[in-house]
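Values reported hereafter were calculated over all heavy atoms of this structure, with side chains retained and with hydrogens, waters and symmetry mates removed. Residue numbers start from 1 in every chain, and the chains themselves are labelled A, B, ... in the order their sequence lines are given, proteins ahead of strands.
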Amino acid sequence: MSRFIAASTARGARQVIDKADNMLKGALDSLGPDAPVEFKDRSGGPTAYYLPVIYGYLGHKVEKVGDLQYPLDRAKSLLAPEPDENMWLPYLGETLDAGVGTLWAEEIIKGIEFAQGKQPEAKGDFQFNGPIDDGQLRSWGIAMVDGSMPGFAVVIGEAPSNQAAVRIVRELQARGQLVFLSGNVNGRSVVDQLLEEGVDLGYPTYTVSFGSDTESTVYATGYATRAAFSFGNVTPGDWRRVLLYNKFRCFAFALVLGPMDDVKWATGAGAIDYGFPAIANTMVPHILPTGVTRYEDVISEPWDDIPGDTNEKAKRLIDKCIEVRGIKVTIPQPELPVTYGPAFEGEVIRRRDMQVEFGSKSGPGVELLEMKDTDAVEDGKCEVVGPDIDEIDFGNNPNTYFACKIDVAGRAMRDEFEPVLERQLHNLSNEVEGYQHQGQREITWIRVSKKAYEAGLRLKHMGDVFHTTFHNQFGSIVDKIQTTFYTNQEDVEKIMEYARDKYRERDERIGGLKDESVDTFYSCTLCQSFAPTHVCVINPERPGLCGAYTWLDCRAAYEINPRGPNQPVEKGKCLDEAKGEFEGVNQFVYDNSQRTVERMTLYSLMDAPMTTCGCCECNMVLIPEANGIMIVSREDFGETPCGMKFTTLMGQIGGGQQSPGMMGHGKRFVLSEKFISAEGGLRRVVWMSKPLKEELKDDLQQRCEAIGEPDLMDKIADGDICTTVEDLVPFLEEKGHPALSMESMI
Amino acid sequence: MLDSIKFKLEVVVPEVEIPKEKWTGRVREVKIGGKGRKEVVVGGATAMPFLDFEGEIPNPPRVAVEVRDDPSGFPPGLLSSWGDDVVNDVGSWAKKAAELGAEIITLRLTSAHPEGQNTGVEEAKSAVDKVLSAVDLPLMVIGPEIADKDNEILVPIADLAEGQRIVLGNCVENNYKTIAAACIAANHIAIAKTPLDINLAKQLNVQVSDIGVPLESILMDADMGALGYGIEYAISIDERLKLAALMGDSVTAVPIINHPGPETWRQKEAKVSEGVPESWGGYDERALYWEELSATSIIHSGADVVTLCHPKAVEYIKSMIAKLMGQ
Ligand code: SF4
């Protein structure tokens, strides 16, 4: 860390502590040790928790002047000598300690001033507010906990101009931050500037003037400490939890306007302990990530280097503050010409009711969500390149092109979250009345109803929908999002090609992962709402049975929402390698299936197979006569050799049961090396629904070749060939299907 | 011939072993009331309802009685059972409920509903004040269940009753933070309400406790419909929540609250006296049975607190609980 800052902080701390020491000596003489010390706001509103910073750190109650000696002595003990000239990398810890000592000393100074009747400060006719009283703390505290007011900004010093002062405060207010004001530069402060511009200061306008000196900034950390007492169930003296509460729950920061000095550095060091970073509008050294604050501790954003006029500068400066503190702003629902809500999720738009269709039979449709650098994303931007819905004459030319490209940036974003977020587009879009979304990736299919079109719905509105919902639902990882729609041939074709590479990369990423190379699988219990004993255990080589969740998706979902339905499952001891039975999996499944399912193997159909809920893509069923299995997929409405259609089968085994010989699974599981490997894998497949066979054709052929059965595909029957066992067996015999000569399945 | 045969009659009583479940979990105890107010403890069980041979049941299911500051949503048949003079004043209503054996008063602030009288903070505070001064029972206050309105009126009420550990509801999936925060600040109990979904119920408990409400200050309402209106879902959800708690799942181990009373009196069977098939029977009895059966069912599936409406239902349910508790 910077030697300059360390040295400055050490000097500042000493200066403040010496001042407190002198003042305390004087007060003990003039007022005596029994003179009461109590913080109040300008109208006499009481504050609880004594001198709160001292109480929070030391559990020590200050009620009278004599009580100030102990914290002063403790503050002195935190002072380390100023690092010498040759010490280039001083230790951050000493600086932070000096900051703590500074805060205590500042509280002591303010305590004495209260005892002397000099606080809250008066300057001319203006009466500063001083500390914030309890009633206000409670009501702002509730807003802080419920997220409507993320935190506070302490603005210290003097803005470059009166107009800048006003704009900075307005920008902060617009983001729901409380504004606390303190400090000065050569006697002038933001408070003076705001008063000159006729800005009202006080609780009703969320602007609180603490005082004209830097020391009064300590009321901000006092406020933060009291919030931790009131809302964080923190006990006095448990300083660690006071600080952690503020780091994670109170989104505060300091904005230092104008030149720094030693006391400002020392006070800032104290604030950093609370997880509050400092942003300076002058040239100062940075303190980059240390873990004490969420991101950087100190950031310099020199005013003159910020582009734009005063308004623009103020906006960008506050943007930077918000980013550095990691503040998530909740955005109100977008203004849409149609209604928005889960009620429209299952809405079906018929051909005759639609204004326009993208994808499916009307042309290519693709959607891609990608992570970008923060500078490459303009939050909230939505652009339509090519004609929007109202410029497309669908009636006369039903050939459309569609690409939806979403760029997100976020400090906590990772590229493996891309597919998880991308999959959200389905639900989010469908909640828009009159907008129907089907498919995903390069088979995106969209319909917009005539009614919604007439109400004014355009593609550009969808950008607003994504912007708000991503911020509000995935704010933990998404800081910025922009949407671009392309509707002309050339662009869409380009994006399609690019997207395909991207998808392939993603598939390969999961494709290269083997069950053996990980220690942890993931669970999914999303379906327990209707199949109470069902648990999907998802491993790299086996997706969830609905096909929607891969191991990577689950891992990402777990990181995004650690309390959600995807939980890590430690494999534990392997009990049977061939069947894929693990101690950890058994335990997890037992605990999470209402203690109904005692064992569950991952690679076997015959011995303790996975349970089946209602939403599997496919079902596999043992056909004893053929010594193999058939696979029926959901799209197949026809009869099957097991004598049951897909729906009848679901009625038999759905609902969370474990039924050896029958099991639901995802489509792509068929391609996995672990596909019922205990029973011999793909070689066991004697019949397959035609649509599934078609869909997986190329990949299946590859797998067949890999297992040394290049012509297996021709030997597997489908619905076009037969739908009864009587017809199936002769077919298999004629083709010489390998299952017939394998070990008996039963 | 017969004489020569000696009969020996022996009755063999076989040893019957009652199968017992062994549970590892315990539902948390939540203390409602205090600071001058009577205290009622709910929860604490280590066994399914009334199965005290499998564990301990330190507290019986508790009976709360609902009073409203705008009673017009209740059918006349119910109101007349209390008396018109009583139902027009929440204070007298609460007092009479206390005399009839209510252990908790549920005050539903119906007058604040935006589509009704749309009253504001002052009216809400005065209703709460009236109940607080009329009885010394613990209090539960439920808003009109419109997110913004709930937040607007419940926060000042939390302040007003600071430290008396009243129950405030409802925290719901997309609107729990403000009420939860108010509970933290004034040491009250939050109701976490979810629509008949065990996953959501669990998740909301986590969210409410994450924000800072201790699990010892949460009651969960997994919602219910009255008899004939989906009560079977509620039975299954309550039961599964309780089983999860007894199996040791810490987050679901909070007491369950249900409102069979008001749920019943919303339904046709409890509202309509004319133009219904004769086989439905007389209105008075039918409506009352409806409430009693709804309450009985939900208590047996795991409810730790039930809100009732009719004076006779209170009497009946209390005596049923007493008998089942072996009192
Ligand atoms: S089927 Fe899909 S959604 Fe359901 S539990 Fe399994 S992975 Fe989760």
Q: Before you tell me yes or no, could you show the steps for A:Met144 and B:Lys177 under side chain to side chain contact (heavy atoms under 4.5 Å, CB included), namely the whole-Å CA-CA distance, both residues' side-chain angles and the distance that decides it to 0.1 Å?
A: CA-CA 10 Å; A:Met144 204 169 85; B:Lys177 292 180 178 169; over 6 Å; no

Q: If you compare all heavy atoms of B:Lys22 against all heavy atoms of A:Arg595, which two are closest, and at what distance to 0.1 Å?
A: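 Closest heavy-atom pair between B:Lys22 and A:Arg595: O-NH2, 3.8 Å.
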
Q: Is it true that, when you exclude A:Tyr206 itself, more than 12 heavy atoms of the residues, nucleotides or ligands shown sit nearer than 6.0 Å to its OH?
A: no

Q: How would you list, by chain and number, every residue that makes a side-chain contact (heavy atoms from CB on, under 4.5 Å) with A:Asp238, sequence neighbours excluded?
A: A:Val234, A:Thr235, A:Arg240, A:Arg241

Q: Tell me, for B:Ala244 versus chain A, whether the close heavy atoms (under 4.5 Å) come from the side chain, the backbone, both or neither.
A: neither

Q: Please determine whether the number of non-hydrogen atoms from other residues, nucleotides or ligands lying under 6.0 Å from atom CZ of B:Phe50 exceeds 12.
A: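 More than 12 heavy atoms, drawn from other residues, nucleotides or ligands, come within 6.0 Å of this atom.
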
Q: CG of A:Asp146 to CG of B:Asn151: how many Å apart, nearest 0.5 Å?
A: 7.0 Å

Q: Looking at OG1 of A:Thr525 and NZ of B:Lys202, how far apart are the two atoms once the value is rounded to the nearest 0.5 Å?
A: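 Going from the OG1 atom of A:Thr525 to the NZ atom of B:Lys202 covers 8.0 Å.
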
Q: Could you grab the distance from atom CZ of A:Arg249 to atom CD1 of B:Ile211, nearest 0.5 Å is fine?
A: 7.0 Å

Q: Measuring from B:Ile184:CD1 to A:Arg138:CZ, what's the distance to the nearest 0.5 Å?
A: 12.5 Å

Q: If you count heavy-atom pairs under 4.5 Å with chain A, which of B:Ala181, B:Ala180, B:Ala186 comes out on top?
A: B:Ala181

Q: Please identify, among B:Val155, B:Val213, B:Val251, B:Asp159, the residue contributing the most non-hydrogen atom pairs under 4.5 Å to chain A.
A: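 Option with the top pair count is B:Asp159.
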
Q: Within a 6.0 Å radius of atom CG on B:Asp148, are there more than 12 heavy atoms belonging to other residues, nucleotides or ligands?
A: no

Q: Using distance only, find each side-chain donor-acceptor pair of residues 220-233 of chain A under 3.5 Å and give its atom names and separation, not counting sequence neighbours.
A:
residue: A:Thr221; atom: OG1; partner: A:Val218; partner atom: O; Å: 3.0
residue: A:Thr225; atom: OG1; partner: A:Thr221; partner atom: O; Å: 2.6
residue: A:Thr225; atom: OG1; partner: A:Tyr274; partner atom: OH; Å: 2.8
residue: A:Arg226; atom: NH1; partner: A:Ile132; partner atom: O; Å: 2.9
residue: A:Arg226; atom: NH2; partner: A:Ile132; partner atom: O; Å: 2.7
residue: A:Arg226; atom: NH2; partner: A:Asp134; partner atom: OD1; Å: 3.0
residue: A:Ser230; atom: OG; partner: A:Arg226; partner atom: O; Å: 3.1
residue: A:Asn233; atom: ND2; partner: B:Gly212; partner atom: O; Å: 3.1

Q: Counting neighbours of CH2 on A:Trp239 that are heavy atoms of other residues, nucleotides or ligands and sit closer than 6.0 Å, is the number greater than 12?
A: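 No, the 6.0 Å shell around CH2 holds no more than 12 heavy atoms from other groups.
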
